[in-house]
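Please read the structure below before turning to the comments.
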Amino acid sequence: MAYANGFDSDSLPRLNRAAKRITITLPHSTFVRLEERSKAQGRSLSNLAAYLIACGLERSDPL
């Protein structure tokens, strides 16, 4: 994305750490389990999904 100041978003330093949105497709059974768990924990679906993804990445990340 180009900005009015002439910068291209790909060349900007990685200072923008704002949350990003994605769309995913889940099997019905996974969605039901996620929904049940989010209700039990009093969390939103998106908050729980983001937490579980982050935990999974930390466990599996070899870096």
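Being a predicted model, the structure only gives us computed values, none of them experimental.
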Is there a path of hydrophobic side-chain contacts, each under 4.5 Å between heavy atoms of I/L/V/M/F/W/Y residues, joining Ile22 to Leu52? yes

Counting neighbours of CZ on Arg43 that are heavy atoms of other residues, nucleotides or ligands and sit closer than 6.0 Å, is the number greater than 12? yes

Shared ILVMFWY cluster between Ile24 and Leu34, side chains joined below 4.5 angstrom? yes

Do Thr30 side-chain atoms and Leu26 backbone N/O form a donor-acceptor pair below 3.5 Å? no

State the NE2-CD distance between His28 and Glu35, to the nearest 0.5 angstrom. 8.5 Å

Is there a path of hydrophobic side-chain contacts, each under 4.5 Å between heavy atoms of I/L/V/M/F/W/Y residues, joining Leu48 to Phe31? yes

